[in-house]
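Have a look at the structure below, then the notes.
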Amino acid sequence: MAIGEPRHAFPDWVARVLADNVQGFGQYPANDGTPGLQQTIADWIARRYGARVRAETQVLPLNGTREGLFNAMLALCPETKAGGRPAVLIPNPFYQTYAAAALAVGATPVFVPATEATGNLPDYTSVQPKVLNRVAVVYICSPANPQGAVADREYWAELLALAERHDFRIFADECYSEIYRNAPPPGAMQVAAECGADPDRVMIFHSLSKRSNLPGLRAGFAAGGVASIARMKQLRAYAGAPLPLPLQAVAEAAWRDEDHVTANRAFYAAKYALADRILGALPGYIPPAAGFFLWLPVEDGEAAALKLWRETGVRVLPGAYLAHGTGDQMPGADRIRVAMVAEHQDIQRGLLRLRDCLYR
Ligand SMILES: Cc1ncc(COP(=O)(O)O)c(C=O)c1O
């Protein structure tokens, strides 16, 4: 229960689509993705978010979101901002790629707490204006790993207004967007379209890893403004690796189909209910709105994870391993992250052992 690797079955037609397209391994794949995959992704964005993007110029298929989240920084972060080193805002705790990307381009990462006190999302409006003026890029993860929090329309609209005021880009990591409890989480591009924001302010990142249980396919996409996507394509042409054609065919089939996604969500709904039943009475328990992690309160996350592993064989991640800081300034030091990715029976056994070991 330590790693966020989905274990539910992927759709059974994947093998057939792969076999039907195996000849594609004999060709160099097009840098920008096949027209079929680009269009299918643009259609998916229109269905899911009501936002219109042009398939050829506003979509870039990725080898999973991770490479895109990193490479977007190489492609789009300016060398200076307001006369100095640019700053990059990162939620704390966070997905490590954000910090690695900021450091790789010589930007200064600025970690902004995303704790219970801030609704488990970073409050970027609280960052000092003189820092905001130096910000070139803001990373935001919604639904959030590890807290399971979801940015609502108001959050996105405020962030977009802040980006306009201080002239920065928003990199919205939405790879958990299709795993949710009740309503589909609103997306950055959806709200940007509703507000009439500049499309180049926002880049969204999506993945088939969680949505379709295909983490090994390495397939996702970035979508954003024409100028931003052009720069991402240019970087890929020199330094990147387009997806092999047979894998693009599988990705196209997966983005087109929602039945398997709905079925997958139902498995997670049963796990949310299980977690609420077993752990819901704990003070500080956050019922996750989305995603597949529990972010559980303990005294010391590292000590708790070690005790749990030694005494029960259940492995979870100490919250501090996802955060930056020291001492009291380390969000998540008093949490553990529990990945509910295994089959239902295993999750049930794991959560019961966890409760009995850490909370009784
Ligand atoms: C927050 C977050 N972003 C991005 C990724 C990368 O996912 P992938 O590269 O498989 O699309 C992960 C994977 O666990 C993640 O948790």
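Order of listing sets the numbers, starting from 1, for every ligand and every atom in it.
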Leu62 reachable from Val53 in the ILVMFWY side-chain graph, under 4.5 Å edges: no
In one Ile/Leu/Val/Met/Phe/Trp/Tyr side-chain cluster, 4.5 Å: Phe293, Val338: yes
Nearest-neighbour protein heavy atom for atom 16 (O) of ligand 1, which is reported as residue plus atom name and distance: Tyr176 OH, 2.7 Å
Closest approach of any protein heavy atom to atom 3 (N) of ligand 1, naming residue and atom: Asp173 OD2, 2.6 Å
From CA spacing to verdict: side chain to side chain donor-acceptor pair (under 3.5 Å), Glu116, Asn120: CA-CA 5 Å; Glu116 260 190 310; Asn120 289 303; 5.5 Å; no
For ligand 1, the portion of Thr65 having any non-hydrogen atom under 4.0 Å away: both
Pairing of Asp346 and Arg349 as salt bridge, 4.0 angstrom limit: yes
4.5 Å side-chain heavy-atom contact, Glu258 and Trp44: yes
Numbering as shown, the atoms of ligand 1 that approach Arg66 to under 4.0 Å (heavy-atom distance): 6 (C), 9 (O)
Nearest-contact summary for atom 13 (C) of ligand 1 - protein heavy atom, Å: Lys210 NZ, 3.0 Å
Close approach of Pro215 to ligand 1, heavy atoms, under 4.0 angstrom: no
Shortest protein contact, atom 9 (O) of ligand 1 (heavy atom only): Arg218 NH2, 2.6 Å
Salt-bridge criterion met for Glu178 and Arg48 (N-O under 4.0 Å): yes
Candidate list Tyr139, Tyr321, Phe111, test ring pair (Phe, Tyr, Trp, His ring centres under 6.0 Å), partner Phe94, passing option: Phe111
Any Gly220 heavy atom less than 4.0 Å to ligand 1: no
Pair Asp167 + Arg134: basic N to acidic O under 4.0 Å: no
Atom 10 (O) of ligand 1: nearest protein contact (heavy atom, Å): Ser209 OG, 2.6 Å
Atoms in ligand 1 flagged as close to Gly64, the criterion being non-hydrogen separation under 4.0 Å: 9 (O), 11 (O)
Cys141 neighbourhood, listing ligand 1 atoms whose heavy-atom distance to it stays under 4.0 Å: 1 (C)
Per atom 5 (C) of ligand 1, closest listed option by heavy atom (Phe205, Tyr139, Tyr95): Tyr95
